[in-house]
Amino acid sequence: MKRGTALRAVVTAAVFILVSGLVSGRPAAGEDPLPAGYWTHPLALQGEAPADWGEAERSLEPRSCAQCHEEKYAEWRSSLHAKALSPGLVGQLIGADAQDPGSCLRCHAPLAEQGQAFREALDKGLGHDRTAQGLAAAGNSCAGCHLRGNRRYGPPKADSQETGQGDPEAPHGGVYRSADFADSAFCKSCHQFPPSWGAVNGKPLENTYNEWKASPQAAAGVSCQSCHMPGRKHLWRGVHDPGMVKSGLAARIEAAPGMARFELTNSGVGHAFPTYVTPKVVMKAVALDAGGRPIEGTEVSHVIQRSVGSGSDGWYENFDSRLLPGKSAVLELPWGGAKGARVWLEVYPDDFYDNNVYDGLLGSLDGEARKLIAKADEEAGKSRFRLFETELTRPD
Ligand code: HEC
Ligand code: HEC
Ligand code: HEC
Ligand code: HEC
Ligand code: HEC
């Protein structure tokens with residue numbers, strides 16, 4: 001190679017590294033991609049682990065991964081992914097006209113080995129029993145996202161951003177690292193119903209990936225993982241977590257001359273707020289008298305929700321008042337005879353289960369299934385919380 005060409009090659013490479021570094025600082029999705037069919041359901045059995053692997057490394061139990069990945073395990077255990085084989089799910093799977101468990105387990109306990117374990121428990125009449133459920137009880141577990149054919153898959157190496165097949169002499173026989181792990185599409189197979197499952201008033205019942213795709217956050221390269229797994233933490237906080245919900249909203253609460261005014265904006269949720277059909281959010285205000293007591297009959301509210309129902313013709317939508325990214329809702333309370341006002345936001349993460357699904361099931365189930373649904377119903381009723389509670393004084 002002539003000197004000029006060599007120099008140009010070096011300069012081009014430097015510019016390329018600089019540009020790609022500026023754009024994302026990370027390898028692009030699709031570089032060393034995950035194998036085709038990584039999320040094809042049902043997943044295949046892992047098969048035999050290499051003969052020289054120890055007991056912990058060949059196990060699919062999250063507790064075994066914990067021996068070497070303690071922090072990830074502690075985070076995951078506190079997340080809803082770890083609780084996905086929940087009483088509300090299992091109660092439906094062992095109920096009177098239970099469906100094929102596979103149609104639910106594909107997202108709630110996706111490994112083929114989990115399906116086997118759950119079916120064995122069902123065959124013994126012990127589907128409700130956590131010890132009999134074996135590996136299925138782990139829900140959406142480490143191996144479900146990271147193992148195919150006993151091979152470990154993970155994101156680019158944290159320090160070097162290296163992708164591709166690791167050294168076969170390294171632990172796990174070398175991890176295969178792919179930028180696809182940091183891409184929103186990784187979450188799609190469970191957080192987006194495919195078009196073939198139909199739509200309700202033009203939108204699939206679960207439409208999170210598509211909502212994200214149309215968001216300004218997607219355009220700016222902000223992925224699901226950026227918000228739900230910052231620093232690669234395995235917490236996946238969502239609508240059940242007050243701090244997480246607050247982080248996505250901007251509230252403007254003011255004592256205007258004629259009224260108390262509450263404006264709520266979806267300032268940092270990278271999809272509709274809320275994305276799913278099960279939560280209900282209510283903006284509320286009530287007038288206060290001179291002693292700071294609520295004045296009866298003055299409470300006003302605005303519901304933020306995608307309200308759906310189902311009947312003999314299938315699903316229907318009552319209304320959809322969710323806030324798309326950047327959008328706002330306003331609640332106004334005229335002062336009337338009031339001296340002040342109290343303003344707040346109520347979040348019911350499990351409203352649809354609490355007030356619709358579980359009440360219906362409790363009427364038709366008995367035995368262990370009924371016990372599980374009663375437990376789920378109780379938990380769903382308790383998950384509510386309040387945000388932005390403030391008292392305003394009427395301006396003179
Ligand atoms: C006996 C200890 C041990 C057990 C058990 C274990 N791992 Fe690992 N794992 C390691 C070590 C050590 C590394 C670092 C490998 C490297 O840098 O090449 C690693 C790397 C990884 C990586 C890649 C992370 C990175 O550094 O890029 C993933 C993903 C992973 N393990 C998942 C799992 C899962 C899932 C389980 C349980 C099913 C598990 N591991 C069980 C020791 C273990
Ligand atoms: C395409 C993936 C997918 C399938 C298939 C699926 N779910 Fe879910 N399910 C989810 C997700 C995601 C959530 C959490 C929703 C949210 O908060 O956005 C959820 C939440 C739930 C909840 C509330 C949380 C809990 O565990 O108590 C229940 C109950 C539930 N699903 C039952 C079922 C049942 C029964 C089936 C089978 C008929 C099923 N699901 C099939 C993805 C799925
Ligand atoms: C729902 C899917 C999912 C589950 C369940 C899951 N992970 Fe991960 N894991 C990911 C994703 C996605 C990333 C990469 C995130 C990113 O790049 O922002 C990751 C990253 C990792 C890493 C690399 C961390 C680093 O700092 O480089 C390790 C190690 C790991 N996971 C281990 C585990 C273990 C152990 C469990 C169970 C206790 C587990 N994972 C459960 C999806 C999952
Ligand atoms: C194998 C299916 C699967 C994959 C893959 C998956 N999830 Fe989930 N996710 C679920 C299920 C099922 C639930 C509901 C668990 C429950 O409560 O029963 C859930 C719950 C959640 C929640 C909590 C929702 C709430 O109501 O508070 C968040 C946030 C979340 N997932 C984000 C992600 C992100 C981000 C990714 C991609 C990195 C991802 N998930 C990948 C199945 C999956
Ligand atoms: C810009 C940050 C951001 C991005 C990007 C983002 N989310 Fe969220 N997400 C939030 C916040 C904040 C909440 C809590 C408020 C809420 O419930 O909508 C949330 C809530 C959720 C919930 C709880 C259920 C519900 O009804 O709201 C799920 C599930 C979820 N996100 C999944 C995802 C998935 C999957 C992606 C990518 C396709 C994604 N999120 C992208 C910030 C984000």
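Atoms within each ligand, like the ligands themselves, are counted from 1 in listed order. Because the structure is a prediction, the values reported are computed rather than measured.
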Novice: Identify, for atom 14 (C) of ligand 4, the protein heavy atom at the shortest distance, and state residue, atom and that distance.
Specialist: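 I find the closest protein heavy atom is His108 CE1, 4.6 Å.
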Novice: Is there a nitrogen or oxygen of Trp39 sitting under 3.5 Å from a nitrogen or oxygen of ligand 4?
Specialist: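 By distance alone, the answer is no.
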Novice: Any idea which atoms of ligand 4 are less than 4.0 Å away from a heavy-atom of Trp236?
Specialist: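 Answer, ordered by atom number: 22 (C), 23 (C), 28 (C), 29 (C), 32 (C), 33 (C), 34 (C), 35 (C).
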Novice: If you count the atoms of ligand 3 from 1 in the order shown, which ones are under 4.0 Å from a heavy atom of Tyr73?
Specialist: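 Counting atoms of ligand 3 from 1, those under 4.0 Å from Tyr73 are 38 (C).
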Novice: Suppose we only allow N, O or S atoms; which atom of His69 ends up nearest to atom 8 (Fe) of ligand 1?
Specialist: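 Per the distance ranking, His69 contributes NE2 as its closest N/O/S atom to atom 8 (Fe) of ligand 1.
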Novice: How about Glu368 and Val90: do any of their side-chain heavy atoms sit closer than 4.5 Å?
Specialist: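 Side-chain contact under 4.5 Å: no.
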Novice: Using heavy-atom distances, let me know which of Cys65, Ser64, Pro155, Pro156 sits nearest atom 36 (C) of ligand 1.
Specialist: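 Going through Cys65, Ser64, Pro155, Pro156 one by one, Cys65 has the nearest heavy atom to atom 36 (C) of ligand 1.
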Novice: Nearest non-hydrogen atom to atom 37 (C) of ligand 3 belongs to which of Cys142, Cys224, Gly139, Pro230?
Specialist: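 Of the listed residues, Cys142 has the closest heavy atom.
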Novice: What is the closest protein heavy atom to atom 12 (C) of ligand 4, and at what distance does it sit?
Specialist: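 Among all protein heavy atoms, the one nearest atom 12 (C) of ligand 4 is Cys107 O, 3.4 Å.
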Novice: With a cut-off of 2.8 Å, does any N, O or S atom of His191 fall short of it relative to atom 8 (Fe) of ligand 4?
Specialist: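 Coordinating: yes.
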Novice: Has His146 got an N, O or S atom lying less than 2.8 Å from atom 8 (Fe) of ligand 3?
Specialist: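 Looking at His146, which is the residue asked about, there is an N, O or S atom under 2.8 Å from atom 8 (Fe) of ligand 3.
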Novice: Short N/O distance, under 3.5 Å, between Arg177 and ligand 1?
Specialist: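 Yes, there is a polar N/O contact under 3.5 Å.
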Novice: Could you list the atoms of ligand 1 found under 4.0 angstrom from a heavy atom of Val175?
Specialist: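 Counting from 1, the qualifying ligand atoms are 20 (C), 21 (C), 22 (C), 23 (C).
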Novice: Taking only non-hydrogen atoms of Arg237, do any sit less than 4.0 angstrom from ligand 4?
Specialist: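 Yes; Arg237 lies near enough to ligand 4 that a heavy-atom distance drops under 4.0 Å.
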Novice: Between ligand 3 and Ser141, can you find any atom pair, the residue atom being a heavy atom, that is separated by under 4.0 Å?
Specialist: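 The answer is yes: ligand 3 sits under 4.0 Å from a heavy atom of Ser141.
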Novice: Specify side chain, backbone, both or neither for Phe181, according to which of its non-hydrogen atoms lie closer than 4.0 Å to ligand 3.
Specialist: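 Phe181 to ligand 3: contacts from backbone and side chain alike.
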Novice: Side chain or backbone of His240 under 4.0 Å from ligand 4, or both, or neither, by non-hydrogen atoms?
Specialist: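 It is both parts that get close, each with some atom under 4.0 Å.
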Novice: Check each atom of ligand 4 against the heavy atoms of Pro110 and keep those under 4.0 Å away; list them by number with element.
Specialist: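 Listed by number with element: 1 (C).
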Novice: Against heavy atoms of Tyr153, which atoms of ligand 1 measure under 4.0 Å?
Specialist: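 That gives atoms 29 (C) of ligand 1.
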Novice: Using a 4.0 Å heavy-atom threshold (strictly under), name the region of Cys187 that reaches ligand 4: side chain, backbone, both or neither.
Specialist: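 Both of them.
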Novice: Examine the proximity of ligand 1 to Pro62 and report which part, side chain or backbone, both or neither, has a heavy atom under 4.0 Å away.
Specialist: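 No part of Pro62 is near ligand 1 at this cut-off.
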Novice: Take Thr265 and Leu323, measure what side chain to side chain contact (heavy atoms under 4.5 Å, CB included) needs, and give me the verdict at the end.
Specialist: CA-CA 8 Å; Thr265 304; Leu323 300 179; over 6 Å; no
Novice: So is Ser189 touching ligand 4 or not, going by heavy atoms under 4.0 Å?
Specialist: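 False for this residue.
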Novice: With ring pair (Phe, Tyr, Trp, His ring centres under 6.0 Å) as the criterion, how do His81 and Trp236 come out once you've worked through the C-alpha distance, each side chain's angles and the decisive distance to 0.1 Å?
Specialist: CA-CA 8 Å; His81 281 158; Trp236 296 286; 4.4 Å; yes
Novice: Would you mind telling me if ligand 1 is within reach of the side chain of Ala158, the backbone, both or neither, using heavy atoms under 4.0 Å?
Specialist: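 Contact part for Ala158 vs ligand 1: neither.
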Novice: Starting from atom 26 (O) of ligand 3, what is the nearest protein heavy atom, named by residue and atom, and what distance separates them?
Specialist: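 Minimum-distance protein heavy atom for atom 26 (O) of ligand 3 reads Arg232 CD, 3.7 Å.
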Novice: Could you tell me whether Asp289 and Arg293 make a salt bridge, using a distance below 4.0 angstrom between a side-chain N and a carboxylate O?
Specialist: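 Looking at Asp289 and Arg293, the cut-off is met.
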Novice: On a heavy-atom basis, I'd like to know which of Arg63, His228, Lys72 is closest to atom 22 (C) of ligand 3.
Specialist: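 The option holding the nearest heavy atom is Lys72.
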Novice: Which one holds for Gln67 and ligand 1: side chain close, backbone close, both close, or neither close, with close meaning a heavy atom under 4.0 Å?
Specialist: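 Gln67 to ligand 1: no contact under 4.0 Å from either part.
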Novice: Please find the N/O/S atom of His234 nearest to atom 8 (Fe) of ligand 3 and write down its name.
Specialist: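 Atom name returned: NE2.
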Novice: Between Tyr276 and ligand 4, find which residue part has any heavy-atom pair under 4.0 Å and reply side chain, backbone, both or neither.
Specialist: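 Answer for Tyr276: neither.
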Novice: For atom 42 (C) of ligand 4, which candidate among Leu43, Val245, Leu80, Asn140 holds the nearest heavy atom?
Specialist: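 Comparing heavy atoms across Leu43, Val245, Leu80, Asn140, the nearest one to atom 42 (C) of ligand 4 lies in Asn140.
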Novice: Does the shortest distance from atom 8 (Fe) of ligand 4 to an N/O/S atom of Cys190 fall below 2.8 Å?
Specialist: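 No N, O or S atom of Cys190 is closer than 2.8 Å to atom 8 (Fe) of ligand 4, so no.
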Novice: Is His172 close enough to atom 8 (Fe) of ligand 1 to have an N, O or S atom under 2.8 Å?
Specialist: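 Under 2.8 Å: His172 contacts atom 8 (Fe) of ligand 1 through an N, O or S atom.
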Novice: I'd like to know whether ligand 4 has Pro349 as a neighbour, heavy-atom separation below 4.0 Å.
Specialist: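 Not so, Pro349 does not reach ligand 4.
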Novice: Parallel, tilted or perpendicular: which fits the ring planes of Phe181 and Tyr38, with parallel below 30° and perpendicular above 60°?
Specialist: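 Perpendicular: the ring planes of Phe181 and Tyr38 meet at over 60°.
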Novice: Can you list the atoms of ligand 3 that are under 4.0 Å from a heavy atom of His81?
Specialist: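 Under 4.0 Å from His81, ligand 3 has these atoms: 1 (C).
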Novice: In ligand 4, which numbered atoms sit nearer than 4.0 Å to a non-hydrogen atom of Gly238?
Specialist: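 Answer, ordered by atom number: 27 (O).
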Novice: Report the relative orientation of the aromatic rings in His172 and His69; use parallel for angles under 30°, tilted for 30 to 60°, perpendicular for over 60°.
Specialist: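 If you compare the ring of His172 with that of His69, the planes turn out parallel.
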Novice: In terms of atom number and element, which parts of ligand 1 are under 4.0 angstrom from non-hydrogen atoms of Ser59?
Specialist: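 Those atoms are 38 (C).
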